[in-house]
Amino acid sequence: QVQLVESGGGLVQAGGSLRLSCAASRRTFSNYPMAWFRQAPGKERELVARINWNSASTYYQDSVKGRFTISRDNANNMVYLQMNSLKPEDTAVYYCAAAGRVIVSSRDVDYWGKGTLVTVSS
């Protein structure tokens, strides 16, 4: 099993910014599509953004498009989620994910991080 460890979550005011980081334990993750999901209490885990192995293709959920940016640094086994103009509805546990296939939903994911909590106050 490949270990994924998220960091960077915390409490931020609406309109503020955070950058989430995900560190992968194996260099081979440089060939994997990766994604960020989030889950709020009582809600389904939802895909926030995904990125392919060479950063040539990205996807963003409509609610975050223009505010969030996913990126990766394969040389350092890292993936990031830059979150700007945060809103209270962005409050959730954010999970890093990796798979051996295109990630469309949580069922496609092979490896999960344990999550990092993002809380956005009004």
Side-chain angles (χ1 to χ4, degrees):
Q1 184 183 62
V2 176
Q3 184 180 14
L4 301 174
V5 180
E6 303 97 334
S7 62
L11 176 64
V12 65
Q13 294 184 61
S17 298
L18 285 173
R19 188 176 77 156
L20 305 183
S21 298
C22 175
S25 62
R26 288 181 59 181
R27 187 178 180 182
T28 52
F29 262 107
S30 64
N31 295 324
Y32 279 64
M34 299 191 73
W36 288 95
F37 286 76
R38 67 185 181 187
Q39 188 167 24
K43 296 185 178 180
E44 295 290 319
R45 190 170 297 188
E46 62 181 0
L47 177 64
V48 177
R50 66 169 180 255
I51 188 167
N52 81 326
W53 73 276
N54 65 353
S55 302
S57 178
T58 57
Y59 163 86
Y60 298 94
Q61 183 189 97
D62 284 345
S63 67
V64 308
K65 194 171 185 178
R67 300 189 295 121
F68 291 11
T69 302
I70 188 170
S71 61
R72 66 192 299 166
D73 180 356
N74 290 342
N76 291 297
N77 303 322
M78 298 290 291
V79 62
Y80 304 97
L81 186 68
Q82 178 66 45
M83 304 186 295
N84 298 328
S85 302
L86 283 161
K87 304 175 180 179
E89 51 263 45
D90 295 318
T91 296
V93 176
Y94 284 71
Y95 298 90
C96 183
R101 64 195 62 80
V102 174
I103 299 170
V104 178
S105 70
S106 60
R107 65 181 178 87
D108 299 311
V109 174
D110 293 321
Y111 305 102
W112 292 101
K114 290 184 171 62
T116 186
L117 177 63
V118 172
T119 302
V120 184
S121 63
S122 300

In terms of hydrophobic clusters joined by side-chain contacts under 4.5 Å, are I70 and Y111 together? yes
V109-Y59 co-clustered via ILVMFWY side chain contacts under 4.5 Å: yes
Closest heavy-atom pair and its distance - G113, Y95: O-CD2, 3.5 Å
Quick one: CZ on R72 to SG on C22, what's the gap to the nearest 0.5 Å? 9.5 Å
Keeping the roles fixed (side chain from Y32, backbone from A97), state whether a donor-acceptor pair exists under 3.5 Å. no
When you measure from the side chain of D73 to the backbone of M78, do you find a donor-acceptor pair of N or O atoms at a distance under 3.5 Å? no
Could you pull out the closest heavy-atom pair between I51 and S55, with the gap in Å? CD1-OG, 3.5 Å
Test item: R101 side-chain N/O and D108 main-chain N/O as donor-acceptor pair under 3.5 Å: yes
Has the side chain of Q3 got a donor or acceptor atom that lies under 3.5 Å from a matching backbone atom of S25? no
If hydrophobic clusters are built by linking Ile, Leu, Val, Met, Phe, Trp and Tyr wherever their side-chain heavy atoms come under 4.5 Å apart, do L4 and V118 end up in the same one? yes
Which heavy atom in L47 sits nearest to a heavy atom in A35, and how many Å separate them? CD1-CB, 3.7 Å
With a 4.0 Å cut-off, would you call K114 and E6 a salt bridge? no
Is V64 linked to V93 within one hydrophobic cluster, defined over Ile, Leu, Val, Met, Phe, Trp and Tyr using a side-chain heavy-atom separation of less than 4.5 Å? no
Which word best sums up how the rings of Y94 and F68 line up, parallel for under 30°, tilted for 30 to 60°, or perpendicular for over 60°? tilted
For the residue pair R19 and Y80, would you count it as a cation-pi contact if the rule is NZ or CZ under 6.0 angstrom from the ring centre and within 45 degrees of the ring axis? yes
Heavy-atom closest contact (S85 atom, S17 atom, distance): N-OG, 4.3 Å
Rounded to the nearest 0.5 Å, how far does CZ of R38 lie from CE of M83? 9.0 Å
R50 side chain vs I103 backbone, donor-acceptor pair below 3.5 Å: yes
Scanning both residues in full, the closest heavy-atom pair of L117 with A92 reads CD1-O, 3.6 Å
With rounding to the nearest 0.5 angstrom, report the OG1 to CG distance, T116 to L81. 11.0 Å
So how far is it from N54 CG to N31 CG, rounded to the nearest 0.5 Å? 10.0 Å
Near R107 CZ, under 6.0 Å, is it more than 12 heavy atoms from other residues, nucleotides or ligands? no
Side-chain (N74) to main-chain (W53) donor-acceptor, under 3.5 angstrom: yes
Tell me, do T69 and Y60 make a side-chain contact under 4.5 Å, heavy atoms counted? yes
Using a cut-off of 6.0 Å, state whether more than 12 heavy atoms not belonging to E89 lie near its atom CD. yes
Minimum heavy-atom distance between V79 and C96, given as atom pair plus value: CG1-SG, 3.6 Å
In this structure, CD of E44 is separated from OG of S105 (nearest 0.5 Å) by 10.5 Å
